[in-house]
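Below: the structure, in structure tokens.
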Amino acid sequence: MGLLETFARHLETVSPVNGIHAARLAALAHAGVRGLPEISDEDWKYTDIGRLHRIEFNLGRSPDRAPVAVPLAGLEAHRVVFINGHFSAVHSTLDTLPKEVRLRLFHRASTEEPEWLATHLGKLGTGDASAFAALNAAGAQDGVAVELANAYRLVQPLLVIFMNTGELHPSVVSPHLHVSAGAGAEASIIELHVGDGEATSLTNAFTRIETSRGARISHYRAICEAVNATHIGQLQLDIGSDSEVENFSLALGGRLIRVDIDCRLAAAGGKVVLNGVFVAGLDQHIDHHTRVDHRASHTSSDETYRGIADGNGRGVFNGKIIVQPGVEKIVATQASHNLLLSNEGEIDTKPELEIYADDLRCAHGATVGQLDEDALFYLRARGVPEAEARALLVYGFVQASLATIPVRELQALVSSRFANDNEALARILSGNLI
Amino acid sequence: MATSSSDVRDLLSRKYEAGFYTEIEQDQVPPGLNEAVVRLISAKKQEPEWMLEWRLRAFERWQKMREPKWAHVHYPPINFQALSYYSAPKSNADGPKTLEDVDPKLLETYKKLGIPLEEQKMLAGVAVDVVFDSVSVHTTFKEKLAAAGVIFCSFSEAVREHPELIRKYLGSVVPQGDNYYAALNSAVFSDGSFVYIPKNTRCPMELSTYFRINAMNTGQFERTLVIADSGSYVSYLEGCTAPQRDENQLHAAVVELVALDDATIKYSTVQNWYPGDEEGRGGIYNFVTKRGDCRGRNSKISWTQVETGSAITWKYPSCLLKGENSVGEFYSVAVTHHRQQADTGTKMIHLGRNTRSTIISKGISAGHGQNAYRGLVRIAKSAENARNYTQCDSLLMGNQCGAHTFPYVEVRNATAKVEHEASTSKISEDQLFYLRSRGIGGEDAVNLIVNGFCKEVFKELPMEFAVEAQKLLNITLEGAVG
């Protein structure tokens, strides 16, 4: 039974409600036309999702009422929390949001503004929306769309948590986050995907951020899914003139993670910064595909990914920069740095340039290597035990990127997840080095 | 002092210099490809039964394969049944013994190209095995090479005279079913060169083959096999040029190199086939499979290529680094001008311990040219301490052209060190200003900058070739910057 059939069967069981259901069916049909990717597709050459077709997923998960500990509890932020695909009012703090931030929840919109929701989901069922983006629209039980008013600066970060609590039966959740920033608006958004338990769940997330003139958005997207989980993440960035978007993708937990970041720079002065850190440990497969499309003159992009593969983990990075014909004054840089720590692991990296104009400066670099023996010797000579010395260097490798995240609580969360699999690092971080 | 606009127009409208067509009698098979044609080619070449069977197996594979579509090039579909798969100059049934026996029209063709055979005998140690369309008609310096034990002959001759070597090595680097065009070549290959360097022998001269495509609508399918036995060294030069014509020609060659223990093969190519006119009409389709097998310990294979011709180039000279401490190198300059398209690069497959590879690729795009570098560096689990360094730079001349980079890096061993860097930019205004302010203007300034950009590759070419390559590059890019 294929994944598409699972969705089709599920949609049949839901009683049709106005245009929304029709939009979902159209999206499913679009996914069918696009077809789910296979390993023979160039973009999916290194990532096999064949096993998803062999799992009998449950799509209609009911809300979990059991008390759960939501991460980043200490962070001062506006919270929107979804548990198992459903909005959790207990954990969310919508009432603190100022009027300049308009927030729509899908489950409310389905009765209050059904036309809006139908149109919104309908956009993912046409055009060049990917099969997974369309499936998200077909399956999203709940989701959130945020609008920032012109010139409004949101002081506290907006924290959106998609949480999956342990369940034995495999299930699919379709988290959906949509942000549109008005001219000159500023905000920091943290999108967190967390899970626990042993089930072979599938998270098929869709995120879209669009900015108007001069808006500035920082977006931190962290994936800490459960051990057997599959996470497919589609991220679209559509950047307005003189607007700047910074995206940070952190991929830590989950058996199979695939993140597609599609960034459009279609107006002059647009700028994007893409950062990423992934750690593929035992039995993990983490794949990032980024695509930066320079469609307008005077746009720039800067991308740095740092990846680690340990145990039999496999890390994949594919970064594509496109400069369209007729545009000029483009600056684009890209770097992919990787550490391969085990002979059972694998790193595949492919930094691509597709350039159809000449007034530009584009450069990319990729490295795959190991820990620096000299640095290791330096630490050993000063009495740092081998395991700790290695952990310190590995941590230093990712810290070069992590340290740029201004949210300390998020840094701490990532570090602690990192230390879960590394006792030596845990000792260092807890201050018990020797 | 800058080149005036009428000069530029002059340069732009300049025709392909080697564009002419010599009419000589041809022995040609009617267009179309089926088993009978494969049998006919084999029969015409008086091949033994095993060779025919090998071709037929390849033909069977080819029929089941589909044309590859992944390359970053666009062209109308090729009708493989509209091509003729064999053509040979007719008037030399028994093969010429001396230059006097060679068809004078043929010799004239080479004179126009500036490669007079008579003089070349006296030139510093270059033996020329001329391939005119499909059959080798002249081989020089054979005796001198024979004294060293080196075998350098046409492929057909090797099939007759050295069947044991052919049977052992043919298809051992590029198997029949390797890819669509390699399978096609394996079925219908016309002729080519065969080189065998015996143990502990340094080939006394640089070996050179000039290819020339001459007959209308004839696909040319050379097959080259170079074997360097233990402890030997050979430098092989391959240069091409073709007369002007209107219909696209398919060229699908296969080159196989085998380097045994401590052997070194240096393979240099200057490719200047007809690129089509300014609108992209005509021009050669160059779909080539080139692969070297570093089979022995401490072996080394070095590819150097200067690609300025062809309408479409689809070429990835590769190295299989099997032997311990073996070394693979790839130095490339690829130029696309007018409507030329190139998808070229290399594959370095590291299998043995301590294997090293270097890739230096320089792409130049001008006019409406599309130039893509596509490379693969794979470090297998068995390749301890493997090392790769890749640099691919693109130079853009004009805002209608394209430069693309598709490098694949796959690492499965934790002791590997792999580095890749790439950059794309146009000729810097500062550099041009610097030269202009010193009285070097127009084309000269551009040539100076372009030659500097390509220097790392040119210095890998044998001297005579480097001079030719530099000249070619200048001619190719004439009028690219106004």
Side-chain angles (χ1 to χ4, degrees), chain A residues 40-42 45-46 307-312 314-328 330-373, chain B residues 69-70 72 363 365-366 368-429 480-481:
Chain A
S40 56
D41 295 328
E42 185 63 22
K45 180 178 158 78
Y46 297 113
I308 297 175
D310 201 354
N312 58 355
R314 188 171 180 194
V316 181
F317 171 77
N318 188 122
K320 182 178 243 178
I321 296 172
I322 304 170
V323 178
Q324 300 287 351
V327 304
E328 53 182 17
I330 304 296
V331 179
T333 57
Q334 184 190 77
S336 157
H337 298 297
N338 301 279
L339 271 185
L340 180 57
L341 298 176
S342 143
N343 271 356
E344 307 305 311
E346 177 168 345
I347 291 280
D348 302 306
T349 175
K350 185 168 155 228
E352 295 178 275
L353 296 173
E354 220 178 294
I355 290 164
Y356 300 93
D358 73 332
D359 192 358
L360 47 83
R361 279 205 323 276
C362 291
H364 69 206
T367 57
V368 182
Q370 310 76 44
L371 296 178
D372 181 358
E373 288 298 323
Chain B
K69 293 281 177 220
W70 43 261
H72 197 85
S365 309
H368 289 87
Q370 298 291 332
N371 204 333
Y373 167 83
R374 186 183 300 276
L376 168 68
V377 176
R378 179 180 288 155
I379 313 288
K381 216 175 276 294
S382 54
E384 288 285 312
N385 294 318
R387 184 83 176 85
N388 163 268
Y389 174 73
T390 303
Q391 187 190 342
C392 49
D393 297 323
S394 304
L395 191 64
L396 294 151
M397 300 167 82
N399 57 7
Q400 306 289 313
C401 54
H404 320 295
T405 317
F406 308 102
Y408 297 66
V409 179
E410 302 177 357
V411 183
R412 295 186 188 133
N413 186 300
T415 57
K417 273 201 172 63
V418 178
E419 288 168 272
H420 171 98
E421 54 182 308
S423 71
T424 304
S425 61
K426 63 175 181 174
I427 291 183
S428 116
E429 297 291 340
V481 172

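Worth knowing before you read on, the calculation uses all heavy atoms, side chains too, and leaves out hydrogens, waters and symmetry mates.
Between chain A and the options L376(B), V377(B), T405(B), heavy-atom pairs under 4.5 Å are most frequent for T405(B). Ranked by non-hydrogen atom pairs under 4.5 Å with chain A, the options S423(B), P407(B), S425(B) are led by P407(B). Contacts with chain A were tallied for Q370(B), R378(B), Q400(B); Q370(B) has the most, counting heavy-atom pairs under 4.5 Å. When each of V411(B), N413(B), L396(B) is scored by its heavy-atom pairs under 4.5 Å with chain A, the top score falls to V411(B). Interface summary for chain B: among E352(A), E344(A), H337(A), E328(A), the most heavy-atom pairs under 4.5 angstrom belong to E352(A). Most heavy-atom pairs under 4.5 Å with chain B: of the set D348(A), I322(A), N343(A), this distinction falls to N343(A). Your options are A363(A), C362(A), G326(A), and the one with the most heavy-atom pairs under 4.5 Å with chain B is C362(A). With chain B as partner, the option from T367(A), N318(A), V368(A) having the largest number of non-hydrogen pairs under 4.5 angstrom is V368(A).
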Could you go through S394(B) and I355(A), starting from their C-alpha distance and side-chain angles, then the distance that decides it, and tell me whether this counts as side chain to side chain contact (heavy atoms under 4.5 Å, CB included)? CA-CA 10 Å; S394(B) 304; I355(A) 290 164; over 6 Å; no
For L341(A) and L371(A), run side chain to side chain contact (heavy atoms under 4.5 Å, CB included): C-alpha distance rounded to whole Å, both residues' side-chain angles, the deciding distance at 0.1 Å, then the answer. CA-CA 8 Å; L341(A) 298 176; L371(A) 296 178; 4.0 Å; yes
Could you walk me through whether K320(A) and K350(A) satisfy the side chain to side chain contact (heavy atoms under 4.5 Å, CB included) test, starting with their C-alpha distance in whole Å, then the side-chain angles of each, then the deciding distance to 0.1 Å, before giving a yes or no? CA-CA 8 Å; K320(A) 182 178 243 178; K350(A) 185 168 155 228; over 6 Å; no
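Heavy atoms of S342(A) lying under 4.5 Å from chain B belong exclusively to its backbone. For E42(A), the part lying near chain B is the side chain, with the backbone staying farther off; criterion is any non-hydrogen pair under 4.5 Å. With a 4.5 Å cut-off on non-hydrogen atoms, L360(A) touches chain B through its backbone and its side chain both. For chain B, the nearby part of Y46(A) is the side chain; its heavy atoms alone come within less than 4.5 Å. In this structure, the portions of P351(A) lying under 4.5 Å from any heavy atom of chain B include both its backbone and its side chain.
The backbone N or O of N385(B) sits less than 3.5 Å from a side-chain atom of T415(B), completing a donor-acceptor pair. The backbone N or O of H364(A) sits nowhere less than 3.5 Å from a side-chain atom of Q334(A) that would complete a donor-acceptor pair. A donor-acceptor pair under 3.5 Å is absent between the side-chain atoms of N399(B) and the main chain of D358(A), judged by distance alone. The main-chain N or O of Q391(B) is never found under 3.5 Å from a side-chain atom of H420(B) such that the two would form a donor-acceptor pair. S365(B) places a side-chain N or O within donor-acceptor distance of the main-chain N or O of G402(B), the cut-off being under 3.5 Å.
No more than 12 heavy atoms of other residues, nucleotides or ligands shown are found within 6.0 angstrom of CZ on R361(A).
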